[in-house]
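Each chain gets a letter, A, B and so on, in the order its sequence line appears, and its residues count up from 1.
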2 protein chains.
Amino acid sequence: MNIATDTRSRIIAAAKPRFHSRSYANVGIQEICESAGVQKGSFYHFFPSKRDLVMAVIDEFADEWAHGFVAEAFDPALPPMERIDYLVDAAYFWQKSIKQVHGRMLGCIFGNLTLEVSTQDDILRAKLLAIFSRAKSRFKDTLEEAVAATTIAPLNSDLTAEAMLAYLEGVILLAKSQNDPEVIYRLGPAIKTLRVEAAA
Amino acid sequence: MNIATDTRSRIIAAAKPRFHSRSYANVGIQEICESAGVQKGSFYHFFPSKRDLVMAVIDEFADEWAHGFVAEAFDPALPPMERIDYLVDAAYFWQKSIKQVHGRMLGCIFGNLTLEVSTQDDILRAKLLAIFSRAKSRFKDTLEEAVAATTIAPLNSDLTAEAMLAYLEGVILLAKSQNDPEVIYRLGPAIKTLRVEAAA
DNA sequence: ATACTAGTTGACCGTTCGGTAAAATGCAAG
DNA sequence: CTTGCATTTTACCGAACGGTCAACTAGTAT
């Protein structure tokens, strides 16, 4: 059972950086198997298809973030609007460290996969959509807390949260197009200027 | 010469909707050739590689936009900030009409390609970066005109322009993840709330 | 008439793709 | 000792991948 778990996680561990740094279509099962030291037949014992693997990879990234930077950023002890700053900073430092190691800015794997596969695979699209929905909720809760604390003026927290998430993804996209995480540093803080007014 | 031009443009015409609706890696030369009614050898007479084809496709999309919606939106006759509204509206209506025909929201091909290939091909990345740079310039010029006309308070036009471009791409990304162009309609107008203050 | 060239054809290259199936292995419970 | 199950190995599938090549066609310029 332990060995089995190990094989499965070796596969995921081999797949993660590859899907992140290249693309879904550009990474083959064979390459992953070789890197993980696993035979292809063994791969298909644990994953019914390539799609199932990438879903597991998505889950791992999501968990990693949820228990890492996201947990730190959305710490209730922080003043609400500072949590948003923290999250943007975390994205910046993360991308920067990746570039230092890898030589390239890899961006957000959820955004990457969304634009690549969401017209071709509704199951993957739904999976990624769920990730974004959770992210949006964090922003929304934070905004509502900030409004309650009169840190910011009342607004449409749902749409503003979605706008902020969109902005973050867009900033990472532009940064990736320049292969330069400093773009996140320069543009990131403007996220707090975004506002959708409350419905009348 | 006319016939030759025709073959070349039939190839591009076949490739355009495919790259837009799927991905770079997922569209094969063979499929494009079949759809265009062209032999593969003939394809490689006009395009040295698949990359050269997609660059031609990028140019076509860029020209199409530049002479279409972008020209309309950035009409000097319009008040500057209304041009930005116009562009967001254009993106919305375009994606909406694509979805009506195609059943799916395809998003922005420049954003799509950027996230897919920019870690793997610096030449393509540079090509896409140039597209984004031009787009940013349009925003920047518009913002500066708006400041000059005292329509808006002075700001850092360069960074605000980049932020707006990022936001637009991010909104389209989220819309694609939901396969719903209405996301652009809801979130788009908030683009004008983005601000990066002028350097002290 | 001839030579050159742009364009086209169709067969072909080796490689990789995602996925399958059957046999072998190891281990644990009865 | 044996049955059963999870895991692994190995060989294989047909299809598609990007790209190449030599032969052929047709029109043009000399």
Using the side-chain hydrogen bond (donor to acceptor under 3.5 Å, both in side chains) rule, take Glu116(B) and Tyr24(A) through it: C-alpha gap first, then chi angles, then the decisive distance, then the call. CA-CA 9 Å; Glu116(B) 181 184 359; Tyr24(A) 181 63; over 6 Å; no

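Using a 4.0 Å cut-off between charged side-chain N and carboxylate O, Arg104(B) and Asp122(A) make a salt bridge. Using a cut-off of 4.0 Å between Lys/Arg side-chain N and Asp/Glu carboxylate O, Lys99(A) and Asp180(A) are scored as not salt-bridged.
Distances shorter than 4.0 Å separate none of the side-chain N or O atoms of Thr7(A) from OP1 or OP2 on dT7(D).
Within 6.0 Å of OH on Tyr185(B) lie no more than 12 heavy atoms contributed by other residues, nucleotides or ligands.
Look at NE2 on His45(A): it is 7 Å from P on dA6(D), rounded to the nearest Å. Between Phe46(A) atom CZ and dT9(D) atom P there is a gap of 11 Å when expressed in whole angstrom units. Rounded to whole Å, the distance from CZ on Phe47(B) to C1' on dT20(D) is 18 Å. Rounded to an integer number of Å, the gap from CD of Gln39(A) to P of dT25(C) is 14 Å. Whole-Å rounding puts the Ile11(B) CD1 to dG7(C) C1' distance at 11 Å.
Residue pairs meeting the salt bridge (Lys or Arg N to Asp or Glu O under 4.0 Å) criterion with at least one member in residues 189-200 of chain B, sequence neighbours excluded, are Asp85(B)-Lys192(B), Arg195(B)-Glu197(B).
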Return the polar atom pairs (N/O with N/O) between nucleotides 23-28 of chain D and the protein under 3.5 Å, or none.
none

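You'll find the side chain of Phe74(B) reaches within 4.5 Å of the side chain of Leu87(B), heavy atoms only.
Checking side-chain atoms of Lys140(A) against main-chain N and O of Ala161(A) turns up no donor-acceptor pair under 3.5 Å.
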Per-nt protein contacts along nucleotides 11-24 of chain C (heavy atom under 4.0 Å; B base, S backbone sugar-phosphate only, - none) come out as ------SBBBB---

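The aromatic rings of Trp65(B) and Trp94(B) stand perpendicular to each other, their planes meeting at an angle above 60°, with 30° marking the opposite boundary.
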